[in-house]
Amino acid sequence: MSTDGNKKQFWKRNTAKVPGSIQHVYGAQHPPFDPLLHANLIKAGNKPQMTPGGKPKKATTFQEFESITSDAWDVGDDDDELLAMAAQNLNIEVVMETANKVIENHSKQQEKQRQDDAGASELEEREEEDANEEEVEEEEEEESTPEVSFASEPSPLSDGRLVKSLSEAPIGSPKDAAGERASLHRQQSLPHRPTIPMVARIADQNTSGTPAMTEREASRLDKFRQVLAGPNTDLEELRKLSWSGIPRQVRPITWKLLSGYLPANTERRESTLQRKRQEYFGFIEQYYDSRNDEHHQDTYRQIRIDIPRMSPECLMLQPMVTEIFERILFIWAIRHPASGYVQGINDLVTPFFVVYVFEYIKEEVENFDVSSLQEETLRNIEADSFWCMSKLLDGIQDNYTFAQPGIQRKVKALEELVSRIDEMVHVHMQQYEVEYLQFAFRWMNNLLMRELPLRCTIRLWDTYQAEPEGFSHFHLYVCAAFLVRWRKEILDERDFQGLMILLQNLPTMHWGNEEVSVLLAEAYRLKFAFADAPNHYKR
């Protein structure tokens, strides 16, 4: 019992400072104790509790001790009450004032942010409009200048928002609606920047998407037409003109002449076309029904598997196009048993087919329904594509015979050539054990069609058609220039996986005539240096 009495005596209220009592630490984390701000805590601890009878209940000794554990501020009950009341009033005023300021500042910041965003978007719209406006529109702006100057004065709206310029005015007003209609009419009448199509209008656009039919292009087109208009086309002159690209309007006839499908004599062309087309459809009548025979069903099945994988998909997935490609590839395989059908040959039909479709349409081919063409037109396109592809493959057939020796020789020559023209790239790939056959096989097998957009492939083939042995010989130097073109990206890769991913997915999607022309120029330089001196690239 004496022990309990001692405990009670210890916990009794004592105005003296208790050793070890709680003290506030002055510093960054704990600011000095302020009685005005903390008196509400003191008040809550000191105010006596009321009993049901109405008499104040005496505080326990522990509660009393808790209320006086501050060594920095030791006050009595009466003083605590006064300070608490003052602090309560002061806190309410301070809190309300601070809250109002916070809300006001936040509202101002939000409004300023909205104004900045609106001003930035308005500035971008004005810059775009200024870039596309003609002189007539500039005169209209000068007439509307006084109205705009008055509109800079804020005007209240029904929703309480302030309008600082006409661009923020409500859409529903008749005056603004008329202005929008006039602006829309002007925008529709102005020339716009066309997007680069995947396959169409290859010679008429460059990478920036702007029309390329300049005076120089028009002059070149006239030269082509003059050469083609003669009774006997000068093929040598036609090759010189074609090396730098062929205008879309004359590309079909030029390709047929340069590939050897059509004779140079103008009078013989029509009879030759009729004869060759009849001959092709004679092959179809003779061989195509055998596609499901035991000896040919594997070939036909592989052809049907490969065609949907070709690009552009929007063209290849059309049933009419699929049927045409199946017939072309199957007839070629039947008539060339030494090689038969090999994956990669299917890609070589696409450029011819697309170019010869251009002969009959003006719109973009990827958005064109080929089945809408007349049946006779489709038959002509199919036959012409078959014969021109056959002429191409006659020069590179060893690429597709057993073990594909032609491709292996060209890949080996590419490795030797790169080791001489850029030893650092060659050593870098050797260091990470990258074999040329692992990435360059496809370059040779598909003639870079899987590495370049179709528009670039067609431009590339303009030069191949003009260059002697373009597909079989010049292509090697194009591949060498193409590899060295990515020198920086190759040297940045530091492992086998990174190099292979880069070399199999080179970023050429946005390439156009300019990039292909630079590539061809570099390839011609390499050919000039090494073609007639093969010992130059042999160690």
Practice item. Assign the ring pair W387 / Y261 to parallel, tilted or perpendicular, where the plane angle (0 to 90°) is split at 30° and 60°. Key: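 Geometry flag for Y261 against W387: parallel rings.
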**Study point:** Geometric class of the W486/F482 ring pair [parallel <30°, tilted 30-60°, perpendicular >60°]
**Key:** perpendicular
Is it the case that the ring center of [Y] lies less than 6.0 angstrom away from the ring center of [X]?
{"X": "W255", "Y": "F352", "answer": "yes"}
{"X": "F496", "Y": "Y432", "answer": "no"}
{"X": "Y436", "Y": "H426", "answer": "yes"}
{"X": "F325", "Y": "F353", "answer": "yes"}

Determine yes or no for a side-chain-to-main-chain donor-acceptor pair under 3.5 angstrom, with [X] supplying the side chain and [Y] the backbone.
{"X": "T322", "Y": "M316", "value": "yes"}
{"X": "E217", "Y": "T214", "value": "no"}
{"X": "H336", "Y": "L393", "value": "no"}

Can a salt bridge be assigned to the pair [X] and [Y] using a cut-off of 4.0 Å between side-chain N and carboxylate O?
{"X": "R485", "Y": "E522", "answer": "no"}
{"X": "D398", "Y": "R409", "answer": "yes"}
{"X": "D306", "Y": "R309", "answer": "yes"}
{"X": "R304", "Y": "E323", "answer": "no"}

**Study point:** Separation between CH2 of W443 and CD of Q504, rounded to the nearest 0.5 Å
**Key:**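 Spacing of CH2 (W443) from CD (Q504) equals 10.5 Å.
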Give a yes/no verdict on a cation-pi contact between [X] and [Y], requiring under 6.0 Å between NZ or CZ and the six-membered ring centre and an angle within 45° of the axis.
{"X": "R291", "Y": "Y300", "result": "yes"}
{"X": "R335", "Y": "Y287", "result": "no"}
{"X": "R379", "Y": "F281", "result": "yes"}
{"X": "R442", "Y": "F439", "result": "no"}

Check your understanding: Does any donor atom in the side chain of R269 or T233 lie under 3.5 Å from an acceptor atom in the other side chain?
Key ->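 R269 vs T233: donor-acceptor pair found between side chains.
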Check your understanding: Any side-chain donor paired with an acceptor under 3.5 Å for E382 and Y280?
Key ->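 Y280 and E382 do have a side-chain donor-acceptor pair below 3.5 Å.
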Review point. If every non-hydrogen atom of L520 is compared with every non-hydrogen atom of W243, which pair is closest and at what distance?
Key: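 In this case the closest contact between L520 and W243 is O-CH2, 3.8 Å.
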Exercise for review: For G344 and N445, work out which heavy atoms get closest and say how close.
Suggested key: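 Smallest interatomic distance, heavy atoms only, reads CA-ND2, 3.6 Å.
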